[in-house]
Protein chains: 2
Amino acid sequence: MLDRDGFERFSLRRLAEHLGVTPMAVYNHISGKEALLRAVAEHVVAGAKYRAVRGDWRAAVRDCFRTLRRTCLAHPGAVPLIESAEALPPSIFRPMEITLTALEGAGLSSRDALRAYFLLTTFTLGQVSYQIRGWGRGVDPGSALRDDRLERDAFPAVVQAVSSRPWDFDASFEFGLAVIIAGLGAQRRE
Amino acid sequence: MLDRDGFERFSLRRLAEHLGVTPMAVYNHISGKEALLRAVAEHVVAGAKYRAVRGDWRAAVRDCFRTLRRTCLAHPGAVPLIESAEALPPSIFRPMEITLTALEGAGLSSRDALRAYFLLTTFTLGQVSYQIRGWGRGVDPGSALRDDRLERDAFPAVVQAVSSRPWDFDASFEFGLAVIIAGLGAQRRE
DNA sequence: ACCTGAACACCGTTCAAGT
DNA sequence: ACCTGAACACCGTTCAAGT
């Protein structure tokens, strides 16, 4: 229901109707709406299969966040729940463990490795979030600037860049990941 | 009210009560809740003052996203609105214009410059979002793993890293920004 | 031009009652 | 153990009526 109708449209009463049952029957199985949505988020997060990547830290980090991204994109309706979750199952720390181990092994300090993980995870989830809600809504300058001559003149580079469509989210994510890994490599050398 | 009570607690009826007026009076000034929240998001976004940074692209990009971050952090209650906004005022494209101009001037292709902007903006807004909701809730392994011996053994690097508290969001953001800019410098050289 | 009161269609949730 | 029906406290929104 979340993937089909979206997060905003979901309600316990609609769920009950979908199950052919009275709204209150749900409370025999779960303590409330919040607990139900948290359980969904936990289920999606727990479903991620992180491979044990041997070899260099770059491959390990790349594989790890590609997996995280793929897991999230498989359940777009659950992404808002994951982002706003107050508690998630231990498997959410797998990418963190992998990243910290890889980067500390590569010579980064414990503190920088943690910051690098924070960088990678906000980037990855941010890209997923924008992709799901559509890089159109609110951020697509194409629709916002299309007819407005005055605004177009104020943002020439934006107008020029937007003509190079369609947008490739996969390629954009890979670009960002490559940039971050290159930057971490530079950080490591210092 | 948004900054004080948070996004979830806000309702038109509470707003009306706060104004000492009937809930329906609001509709004489705005078409509905969605429009009101959008107007708030637009106001916050429009309030960002981006400086014209001359000199190298690194300084321009750094200053630009520092300003975006500071603007968002000044109104934590509005950040969810900005992230979920369907349309935002033209000033949301100022960072995009600045970034594209700076990076294309530095030799990146138009497509890569756009991807770099996407990287920078998802990173910046992601960091802000986590900071606002508290890098504790859901992502802080300290609370999730504290008492659980079994889980602690499964994530040694996480447990070790978390002891280096307290977390410095400013420093973490600066670290990420530096890594991205270093990575873009490497990308530029190819 | 702005506000009010009553009403409607939705919510999540509680509680007593059923089987 | 699980479901139901009625009810409560909240929503956003419409509409006719007031000044």
Side-chain angles (χ1 to χ4, degrees), chain A residues 1-46 75-89 129 132-134 136-139 143, chain B residues 1-46 75-89 129 132-134 136-139 143:
Chain A
M1 287 181 67
L2 285 167
D3 287 342
R4 179 162 42 83
D5 304 330
F7 171 62
E8 303 84 357
R9 290 191 213 284
F10 177 81
S11 79
L12 292 186
R13 296 181 109 104
R14 287 165 77 100
L15 170 64
E17 190 187 22
H18 183 77
L19 296 172
V21 98
T22 230
M24 300 73 203
V26 180
Y27 287 86
N28 288 303
H29 302 91
I30 202 108
S31 67
K33 187 183 188 183
E34 199 177 338
L36 176 61
L37 295 181
R38 185 171 56 236
V40 172
E42 288 180 2
H43 177 260
V44 172
V45 165
H75 292 285
V79 168
L81 313 180
I82 293 169
E83 289 179 321
S84 67
E86 308 214 355
L88 287 170
S129 183
I132 284 168
R133 89 176 73 245
R137 299 174 43 197
V139 195
S143 57
Chain B
M1 287 181 68
L2 284 167
D3 286 341
R4 178 162 42 86
D5 303 330
F7 171 63
E8 305 84 358
R9 290 192 214 283
F10 178 80
S11 77
L12 292 186
R13 296 179 109 105
R14 286 165 78 102
L15 170 64
E17 189 186 22
H18 183 76
L19 296 172
V21 98
T22 232
M24 301 73 203
V26 181
Y27 288 86
N28 288 304
H29 302 92
I30 203 106
S31 66
K33 187 183 187 182
E34 198 178 339
L36 175 62
L37 295 180
R38 186 172 54 236
V40 172
E42 289 179 2
H43 177 259
V44 172
V45 165
H75 291 285
V79 168
L81 313 180
I82 294 170
E83 289 179 319
S84 67
E86 308 214 356
L88 288 170
S129 182
I132 284 168
R133 89 176 74 244
R137 299 173 43 197
V139 196
S143 58

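When reading the values below, keep in mind they use all heavy atoms of this one structure, side chains included, and skip hydrogens, waters and symmetry mates. To find a chain, count down the sequence lines: A is the first, B the second, and so on, and within it residues start at 1.
Residue B/R9 is classed as having no contact, given no heavy-atom separation below 4.0 Å to the nucleic acid.
Each of C/dC11, C/dG5, D/dT13 was ranked by its minimum atom distance to the side chain of B/R13; first place goes to D/dT13. Of the candidate nucleotides D/dT13, C/dT14, C/dG5, D/dT13 has the atom lying nearest to any side-chain atom of B/Y27.
Pair assignment for C/dG12: D/dC8, on the basis of Watson-Crick or G-U wobble contacts that are both within less than 3.5 Å. Using Watson-Crick or G-U wobble geometry with both donor-acceptor distances under 3.5 Å, C/dC2 finds its partner in D/dG18.
A straight line from CG of B/L36 to P of D/dC11 spans 15 Å, rounded to a whole angstrom. Atom pair B/K33:NZ and C/dC10:P shows a separation of 17 Å (rounding to whole Å applied). The distance between atom CG of A/L15 and atom C1' of D/dC3, rounded to the nearest whole Å, is 15 Å. One can place CD of A/E8 at 18 Å from P of C/dC10, the figure rounded to the nearest angstrom. Whole-Å rounding puts the A/M24 CE to D/dA9 C1' distance at 13 Å. A/L19 places its CG atom 14 Å from the P atom of D/dC2, with the value rounded to the nearest Å. Rounded to an integer number of Å, the gap from A/H29 NE2 to D/dT4 C1' is 14 Å. Remark: P of C/dT13 and CG of A/N28 are 14 Å apart, rounded to the nearest angstrom.
Residues A/L81 and A/V44 fail the side-chain proximity criterion, which asks for heavy atoms closer than 4.5 Å. Looking only at side-chain heavy atoms (C-beta outward), B/M24 and B/R13 come within less than 4.5 Å of each other. Side-chain contact between A/M1 and A/L15 is present, with at least one heavy-atom pair separated by less than 4.5 Å.
Between B/S11 and D/dC11 there is a side-chain N or O to OP1 or OP2 distance below 4.0 Å.
The main-chain N or O of B/E83 is found under 3.5 Å from a side-chain atom of A/R133 such that the two form a donor-acceptor pair.
A/A78 and A/V40 make their closest contact through CB-CG1, 4.3 Å (heavy atoms, listed as atom of the first residue, atom of the second, distance).
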